[in-house]
Number of protein chains: 2
Amino acid sequence: MDLLVRKLAARDVVPEDEQQALRAAATETVPYAAGEEVVREGERQTVSRLLVSGLIARVKLLDDGRRQITELHIPGDFVDLHSFLLKRLDHDVIAVTPARLVSYPHEGLRKITEQWPHLTRLLWLSTTLDGAGHREWIVSAGRRTAAEHVGHLFCEFLLRYEVVGLGDRRRCPLPLTQQQLADACGLTPVHVNRVLQELRHEGLLEWRAGELTVPDFDRLAQVSRFDPAFLNLIREPR
Amino acid sequence: MDLLVRKLAARDVVPEDEQQALRAAATETVPYAAGEEVVREGERQTVSRLLVSGLIARVKLLDDGRRQITELHIPGDFVDLHSFLLKRLDHDVIAVTPARLVSYPHEGLRKITEQWPHLTRLLWLSTTLDGAGHREWIVSAGRRTAAEHVGHLFCEFLLRYEVVGLGDRRRCPLPLTQQQLADACGLTPVHVNRVLQELRHEGLLEWRAGELTVPDFDRLAQVSRFDPAFLNLIREPR
DNA sequence: CGGGACCTTGACCAATATCAATGGTCGTGG
DNA sequence: CCACGACCATTGATATTGGTCAAGGTCCCG
């Protein structure tokens, strides 16, 4: 919850009473094991979930086994706030690492939309930030080279972890396998491996034991054509 | 406006008083010429715009000229409702054909969030539908072949036009150039051309004079691995 | 000590991009 | 009414990126 407030506070003021209203809407905290499914595509949802710890992926599957990760969530992210409105998701949500999620029943979220218009707008904002992230991924998949794509994703991670105070632009957690990174980038694990070697040889990054280290963020950002504008890190009234 | 109601009514009941509240929030209708810019990336917005006629694209540009269309809007779509919350967009919005857009000042939308919680949720829903569309595009760019990608986009168009009553699953407007289609799919115009020939030779589609004709929707959907679930065409309380 | 998951490497291949030309269509002005 | 130019579609030859297949190698954990 605190992490969500930190994330929202990077974009607007979050008054104390709204923070309390949010807190009041939460029910239990549920732990998941690595690889466990949190939400299955198409099933009717009655709660949305906020990630407290761990890493979560939204995964879309094609019938012949092809898979694409469409978003990776870090602590402080609502992993399926959109299920409040969509009711049924178009994708699975799975725990990449062990994770803990706090439930927000839709009933309580509905009450928030009836009593807390500004808080409602902040939650709505949170889903539009997801949308902006999606658009950036479309660009990466459509028009960036494999190396730019991987580098861009890493830059995104560093800044998002920085926002919630769990990393900075030099280092952040990145507990993924190369296979999973490939699924996020729409590449082959073999090719991801080659791209990583290239980036490592150029001294742009290190990635070991689930932790990413980038000695010179600006250089990686430049090589990857990374522009942080899509993160909408501007504090103003919403 | 009627088109927006039709689009929303495909997902929930829209009471008459909410329709009126929406209508009251609109101000003027603005015409745009083909190719004209509607919104420039990064500029502060004070209104959102609903498309009444024509075709609109959201375009992201890289500094070296690469361009990616991240969404195509048909009548009945809010082209930048997300600017109500983001205030500054991460992309340009341009008119592909001559178009007319109705303005909804953010001030009026804010009032809606304060007085019409259910209508607010419907508008929020509308932006999450955009998000679901984005995810499908990520999959297309990352894990579908060029032919599947193009075919998938065409299926999406047919169904979206059907929802607002401006087409059906046999035919719909598609006033794009091959270059623009290439920018939407992250392909080269040359390759898009070859893919189109292939699809045409297999009798899957015709596309002339800005109109798409698909003799057998199910066959194209199957070939393209199209699953309409992401369009969330389910009528239920939100 | 053994097995499994993950990473790495090499050889080869396929999908798509690039480059360069040609031809069609349509609106406009002479 | 015709000629021109602009934009768009098409085609062929060739290049490149990233995929496929297959074989180790490493590391961790039971």
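For the numbers below, each heavy atom of this structure counts, side chains included, while hydrogens, waters and symmetry mates do not. Fair warning: this is a prediction, and the values are worked out from it, not measured in the lab.
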*Give one of base, sugar-phosphate or nothing for B/Gly35, where a contact means two heavy atoms less than 4.0 Å apart.*
nothing
*Taking the inter-plane angle between the rings of A/Phe157 and A/Tyr161 on a 0 to 90° scale, is it parallel (under 30°), tilted (30 to 60°) or perpendicular (over 60°)?*
tilted
_Sidechain-backbone polar pair: A/Asp80 side chain, A/Ser48 backbone, donor-acceptor under 3.5 Å_ = no
_So if I take residues 137-145 of chain B and measure heavy-atom distances to DNA chain D, which residues fall below 4.0 Å?_
none
*Would you say a side-chain N or O of B/Gln178 is under 4.0 Å from OP1 or OP2 of D/dT10?*
yes
*Determine whether A/Leu166 and A/Cys172 make a side-chain contact, defined as any pair of heavy atoms from C-beta on separated by less than 4.5 Å.*
no
*Donor-acceptor pair, A/Ser83 side chain versus A/Leu86 backbone, under 3.5 Å?*
no
*Grab the two heavy atoms, one from B/Ser53 and one from B/Pro75, that are nearest each other, plus how far apart they are.*
CA-CG, 3.9 Å
*What bend angle does the helix from C/dC1-D/dG30 to C/dG30-D/dC1 show across its length, from five-pair end axes and to the nearest 10 degrees?*
30°
*Any chance the side chains of B/His152 and B/Arg225 put a donor and an acceptor closer than 3.5 Å?*
no
_Taking A/Leu187's backbone N and O only, do any of them form a donor-acceptor pair with B/Arg143's side chain (distance below 3.5 Å, no angle check)?_
yes
*For a ring-ring contact (aromatic ring centres under 6.0 Å, His included) with A/Phe154, tell me which candidate from A/Trp207, A/Phe226, A/Phe217 qualifies.*
A/Trp207
*Is there a donor-acceptor pair closer than 3.5 Å between any side-chain N or O of A/Glu148 and the backbone N or O of A/Thr145?*
yes
*asked:* Main chain of A/Trp137, side chain of A/Ser140: is a donor-acceptor contact present, judged purely on distance under 3.5 Å?
replied: no
*Any donor-acceptor pair under 3.5 Å linking the side chain of B/Gln45 with the backbone of B/Glu43?*
yes
*Round to a whole Å and report the spacing from NE2 of B/His201 to C1' of D/dT11.*
13 Å
_Show the nearest heavy-atom pair for residues B/Ala95 and B/Ala33, with the distance to one decimal._
CB-O, 3.5 Å
_Members of residues 188-200 of chain A that approach DNA chain D, where some heavy atom sits under 4.0 Å away_ = A/Thr188, A/Val190, A/His191, A/Arg194
*Contact boundaries of DNA chain C with chain B (under 4.0 Å, heavy atoms), 5' to 3'?*
C/dT16 to C/dC19
*Crowded around B/Arg100 CZ? As in, over 12 foreign heavy atoms under 6.0 Å?*
no
*asked:* Can you list everything that forms a side chain to side chain contact (heavy atoms under 4.5 Å, CB included) with B/Gln222? Sequence neighbours excluded, please.
replied: none
*asked:* One character per nucleotide, please: for nucleotides 25-30 of chain D, 5' to 3', B when the base has a protein heavy atom closer than 4.0 Å, S when only the sugar-phosphate does, - otherwise.
replied: ------
_Heavy-atom side-chain contact between B/Val47 and B/Arg49 under 4.5 Å_ = yes
*Rounded to whole angstroms, how far apart are CG on B/Leu181 and P on D/dT10?*
12 Å
_B/Leu187 CG - D/dT17 P separation (whole Å)_ = 17 Å
